[in-house]
Amino acid sequence: MAAATIGGVFWNDFLRLLARDAAAVEFEGPLLAARARGEPPEVIEELEEGKHLALQVREMLASRRRREGQLTALFETAGDLARLSDLDSVLNAIVRRARQLLGTDIAYLTMHDPVRGDTYMRVTDGSTSAAFQQLRLSFGEGLGGLVAQTGMPYFTSNYMSDPQFRHVHTIDSAVEQEGLVSILGVPLQIGSRVIGVLFAANRAERPFTREEVALLGSLAAHAAVAIDQARLLEETRVALDELNSANRLLQEHSEAVERAAAAHDKMAQLVLTGGGVAELAVSTVEVIGGSLLVLDEHDRELASVANPESIEPQSLRGAVAASRASGRSVRESGHWVAAVSAGTEHLGALVLSGKHELEDADQRILERAAVVTALLLLARRSGAEAESRVRGELLDDLLRRSDLDRAALDALTARADRLGADLDAPYSVYVADVGSADRQRAILAANHIARTRYGLGGSFDGKIVLLLPTEEPGKEAAALASELGPTLSAEVTVGGAGPARGAANVASTYAEAQRCLGALRTLGRTGEGASAAEIGFVGLVLSDQPDVSGFVDAQLGAIVDYDDRRGTELISTLRTYFACNGNLAKTKDALHVHVNTVAQRLDRISRLIGDDWQAPERMLELQLALRLHQLRHGKR
């Protein structure tokens with residue numbers, strides 16, 4: 001009874017230890033105290049048995065607490081996964097929770113790749129090695145490959161020394177870089193299909209218990225369901241997107257039909273009301289958008305709408321040829337190109353920009369616009385040819401008949417007025433040498449320029465002649481040479497004369513322009529354009545009516561005006577400088593001024609007429625102009 005009483009006392013000690021969840025070592029206390037008091041062996045034995053039973057109870061309670069915590073964690077995991085919608089969030093949550101639940105150094109997840117037929121590292125948590133994070137495993141390779149192949153969980157306390165699976169150098173190297181030793185892997189399964197493997201691993205040896213294997217397996221089961229739900233949700237989203245796309249396509253098709261009908265109505269109305277190419281281009285852009293450039297058969301711009309991009313027409317010639325061959329618009333360098341043709345004749349092209357994609361209906365509208373453009377161009381050509389004949393006949397009459405009376409001159413002036421050419425306003429006459437270019441093409445080009453510039457143009461005595469309203473014949477002659485050369489694919493030389501007024505002066509102005517053209521050829525300036533005044537004293541020599549004042553003003557006008565306004569002596573300084581052969585010392589002595597004054601005056605002259613005035617050719621013209629200026633004013 002004493003022993004029982006004593007034992008009962010100590011049982012109470014064990015119960016108190018269990019109640020406060022004491023550490024295992026504290027359960028030795030009652031035995032040590034009993035031995036110290038000299039308790040008999042039967043008491044010690046009873047206490048030893050009590051200690052073992054108490055420790056078993058303690059371990060059982062701890063295990064149940066762990067299990068309760070794990071079940072709570074699994075429940076929370078299921079709730080977390082149910083709230084996630086995208087797959088990346090699901091996978092990251094799975095791996096993070098696996099590492100937390102098992103208390104491992106790292107957790108990671110591999111997924112099956114149906115295209116390549118292997119598994120690849122999808123998500124890691126706690127990993128530090130880039131090679132490990134990019135690892136791929138074939139079925140049967142490494143621990144993960146074995147789990148993926150068999151669909152069964154597997155763990156190892158020491159990965160490198162475990163012979164139960166096939167070691168591969170790339171996998172072993174990545175595992176070694178990550179420093180992993182013990183690894184547990186469980187399959188992610190949907191039905192009997194393995195879609196991936198969930199891992200928990202440590203960087204030291206650690207055996208995994210059956211409870212840990214079961215726990216990771218339960219988490220993997222939740223994860224597989226969540227992954228499948230995320231996949232189904234994604235497929236649902238894709239299906240909804242496809243449904244929306246189909247609905248949008250149906251709506252766009254309906255809108256395209258309406259646009260096509262509107263475009264057809266606009267084009268028909270435009271043709272019936274006598275509209276032109278520019279109006280057609282505007283109507284086309286209003287229907288299909290973008291910007292539109294209309295080119296003629298020579299790649300020149302006929303019309304443009306909505307600020308089209310800068311385009312090199314030559315770069316689109318291949319696309320134009322392809323469009324002519326197929327009868328359809330083609331895409332080239334970000335543009336849509338539709339050839340404008342009439343049978344086998346090329347009339348131009350439509351170039352649509354600013355539309356990366358063009359629906360079939362809009363493409364048809366562009367092609368229909370090209371057909372209508374061809375009709376408008378043919379109609380315009382017929383009218384232009386008739387007008388060109390009238391203009392050519394008038395120009396021929398003006399050039400051939402120089403001895404006309406006032407009535408005849410008035411009749412010619414009235415004919416010009418009806419064509420939009422005002423002979424009472426200043427005009428200039430140009431004669432063009434087109435070299436080896438096609439003559440008929442050159443005449444058409446001249447007619448086009450005359451028609452668009454409110455002048456006259458045509459062929460006279462085998463030469464291309466233009467009469468245009470301008471007071472700057474030299475500048476216009478150069479522009480004509482630059483414009484006609486590329487158009488005719490030849491070197492075009494243009495001589496100009498004028499300005500003149502009245503029908504009676506057309507023939508004489510033409511004769512002067514013709515002599516200017518001869519001077520340009522004599523000077524070897526083929527492919528250029530100039531007037532008699534611009535070619536300097538050569539023009540004076542070749543002209544029937546030399547424009548001395550114009551020549552002097554062109555060379556010295558700025559200096560004379562400066563002297564008149566400021567009371568300076570720049571003209572006399574320049575004349576003396578030339579007389580002294582450009583010697584500053586002799587010039588200052590002749591003028592009785594300081595050499596710095598001479599230098600300052602010469603610098604002022606450079607600013608007035610340009611720094612090139614001391615070039616040999618320019619000096620010759622300046623000296624001739626100075627001599628003519630001196631003679632005109634009676635100075636020696």
For this session: With side-chain contact (heavy atoms from CB on, under 4.5 Å) as the test, would you mind laying out the steps for Leu620 and Leu624 before giving the verdict?
Result: CA-CA 6 Å; Leu620 177 61; Leu624 177 58; 5.8 Å; no
Spacing of [X] atom [atom1] and [Y] atom [atom2] [to the nearest 0.5 Å]:
X: Arg604; Y: Thr568; atom1: CZ; atom2: OG1; answer: 9.0 Å
X: Thr493; Y: Glu528; atom1: OG1; atom2: CD; answer: 8.0 Å
X: Leu626; Y: Thr576; atom1: CG; atom2: OG1; answer: 10.0 Å
X: Glu472; Y: Ser428; atom1: CD; atom2: OG; answer: 9.0 Å
X: Leu517; Y: Tyr430; atom1: CG; atom2: OH; answer: 13.5 Å
X: Arg565; Y: Asp563; atom1: CZ; atom2: CG; answer: 9.5 Å

Residue pair [X] / [Y]: nearest heavy atoms and the distance that separates them:
X: Leu466; Y: Ala450; value: CD2-CB, 4.1 Å
X: Ala339; Y: Arg324; value: CB-CG, 3.2 Å
X: Gly527; Y: Ala481; value: O-CB, 4.0 Å
X: Thr587; Y: Cys580; value: OG1-CB, 3.6 Å
X: Arg525; Y: Ala530; value: NH2-CB, 3.9 Å
X: Pro473; Y: Gly498; value: CG-O, 3.5 Å

Using modelled atom types and a 3.5 Å cut-off, is there a donor and acceptor pairing between side-chain atoms of [X] and backbone atoms of [Y]?
X: Asp612; Y: Ala615; value: no
X: His594; Y: Asn596; value: yes
X: Ser329; Y: Val337; value: no
X: Asn447; Y: Ile443; value: yes
X: Thr470; Y: Tyr427; value: no
X: Arg331; Y: Trp336; value: no

Mind checking whether [X] and [Y] have side chains closer than 4.5 Å, heavy atoms only?
X: Leu602; Y: Leu584; answer: yes
X: Leu520; Y: Asp433; answer: no
X: Leu556; Y: Leu574; answer: yes
X: Leu467; Y: Leu423; answer: yes
X: Tyr577; Y: Gln614; answer: yes
X: Ile449; Y: Leu484; answer: yes
X: His448; Y: Arg453; answer: no
X: Tyr562; Y: Ile609; answer: no

For this session: Kindly determine whether Thr573 and Val593 satisfy side-chain contact (heavy atoms from CB on, under 4.5 Å), including the steps that lead there.
Result: CA-CA 10 Å; Thr573 300; Val593 296; over 6 Å; no
Exercise. Counting only heavy atoms not in Lys475, do more than 12 sit closer than 6.0 Å to its NZ atom?
Worked result: no
Exercise. Hey, mind stepping through Ile464 and Val492 against side-chain contact (heavy atoms from CB on, under 4.5 Å) and telling me if it holds?
Worked result: CA-CA 10 Å; Ile464 303 301; Val492 177; over 6 Å; no
Exercise. For Val560 and His629, what are the C-alpha separation, side-chain angles and deciding distance, and is it a side-chain contact (heavy atoms from CB on, under 4.5 Å)?
Worked result: CA-CA 10 Å; Val560 172; His629 179 265; 4.0 Å; yes
